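Not measured: the values here are computed from a predicted model. Naming convention: chains lettered A, B, ... in sequence-line order (proteins, then strands); numbering from 1 in each chain.
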There are 2 protein chains.
Amino acid sequence: MSPRRSQLEARQTRAAIVERAVQVSSVEGLEGLTIGRLASDLQMSKSGVLGHFGTKEALQLTTLEAAIQVFRREVWERTADAETGLPRLLAICDAWISYLERDVFRGGCFLTSASCEFDGREGPVRDAIASALSRWHEALGSQARAAIDAGDLPPGSDIAAIAFQLNALAMGANQALQLFGDQSAPQAARRAMRATLSLEPQ
Amino acid sequence: MSPRRSQLEARQTRAAIVERAVQVSSVEGLEGLTIGRLASDLQMSKSGVLGHFGTKEALQLTTLEAAIQVFRREVWERTADAETGLPRLLAICDAWISYLERDVFRGGCFLTSASCEFDGREGPVRDAIASALSRWHEALGSQARAAIDAGDLPPGSDIAAIAFQLNALAMGANQALQLFGDQSAPQAARRAMRATLSLEPQ
DNA sequence: CCTACCGATCGGTAGG
DNA sequence: CCTACCGATCGGTAGG
């Protein structure tokens, strides 16, 4: 047992704080997240919570990273068995909509909420959100390129346009589910995603 | 001059508060909007600001209504000259993307931001946001129905799916512009919108 | 529309 | 990890 007992406990406490912070900020936003609220929920003192991160901004960044890990696990890693290219792209679309349907986060897609909240601001949190979304677009684009190379998408397909459309449709499904509880939205999104992937460039 | 001078001035003050509230909350969110910030910006006392609305929630609702009016003016009313049906639908798509490109709100599409911020909450503000978005979907659906009746869209077109896709693409363009400053997004969104309107049901 | 004020809560620090 | 505390700000009220 290389970590001392107190270090292990500290790590578990920190993990519990982050887990709670993800759930709270999924509903209240990363700005609406407060140290006092977390301390109260976890029956700790405020300084006990803050001590693990130093500043609220560091807590926000850690919370964001944890939420990104959840998205990666629930969408990206779930499709690891699919063949690179169109098969994986189709699997990603299904896993993505499923992730929205399963209410993985109480406030809907964490990255979509965070993006809306910070897209008019500046600073490290905004930059981290933009970076994560940018990497996701690249992951989608990479699969689209493989699909073209395999002959599963037309050679002239616009890779960026495919990533843009898939992302937009997921955002639309998220809004329809969260705001209206529209149970037909996942189906509509899946169909439109499939149309995007079989009709490019037109 | 039927309104007395003091009433007229009060109305102008109120209008100035709402205008400022729209700009502030477009960046900070409707929850991030504070009475103190508004008072400071407008060089008024907090109670002078709050007196026009009573509560913060009433201020939020008034601010939201004002932002909806801006959207209506910048997107819906701009297309009033277009013929009902497909022509107006196409005009709406252009005006919608143009509204995003012109940065009408500093924080991007107000309704999209508000929807993300409140979709995990309850209460009158959330309800007002859902109602406004619902009416917009209906306006789009109504034009789509007219387009079908005129023979400009196939008889089997899924009206709700068209509204869903157009809305999703506008959300995607908003994110790409606000978060990445992606100048190719408006073009990508316009193309995808046109594809939606010429390829339904497939 | 103002001043003056309320209790609550904010992020954060000192010291242990 | 705690208690005790800081100045600032929150939404809101009383009274004029």
**Prompt:** Strictly by modelled atom types, are B/Q183 and B/E101 linked by a side-chain donor-acceptor pair under 3.5 Å?
**Reply:** no

**Request:** Indicate, with a heavy-atom threshold strictly under 4.0 Å, whether A/L33 touches base, sugar-phosphate, or nothing.
**Result:** sugar-phosphate

**Request:** Would you mind classifying the nucleic acid contact of B/I35 as base, sugar-phosphate or nothing, using non-hydrogen atoms under 4.0 angstrom?
**Result:** sugar-phosphate

**Item:** Watson-Crick or G-U counterpart of C/dC5, or none if no pair lies under 3.5 Å
**Value:** D/dG12

**Message:** If we count only N and O atoms by modelled type, under 3.5 Å, do the side chains of B/Q175 and B/D182 hold a donor and an acceptor together?
**Reply:** no

**Asked** Is there a donor and acceptor pair, one atom on the side chain of B/K46 and one on the base of D/dG11, closer than 3.5 Å?
**Response** yes

**Prompt:** Does A/H52 or B/E31 map to a spot on DNA chain D nearer the 5' end, using the closest nucleotide for each?
**Reply:** A/H52

**Item:** Pair A/F71 and A/F110, ring centroids less than 6.0 Å apart
**Value:** no

**Prompt:** Does a distance-only test, which skips hydrogens and angles, find a donor-acceptor pair under 3.5 Å between the side chain of B/S47 and the base of D/dT13?
**Reply:** no

**Asked** Please give, in whole Å, the distance from C/dG11 C1' to A/L30 CG?
**Response** 16 Å

**Complete:** Considering only heavy side-chain atoms of A/M44, the closest of D/dC2, D/dG11, C/dG12 is D/dC2

**Asked** Any chance the rings of A/W76 and A/W96 have centres within less than 6.0 Å?
**Response** no

**Asked** Considering only side-chain heavy atoms of B/T55, which listed nucleotide, D/dG11, C/dG12, D/dG12, is closest?
**Response** D/dG12

**Prompt:** Between A/S45 and D/dT3, is there a side-chain N or O to OP1/OP2 distance below 4.0 Å?
**Reply:** no

**Interatomic distance, B/E28 CD vs D/dC10 C1' [rounded to whole Å]** = 15 Å

**Request:** May I ask you to say what B/G51 touches in the nucleic acid, namely base, sugar-phosphate or nothing, with a heavy-atom cut-off under 4.0 Å?
**Result:** nothing

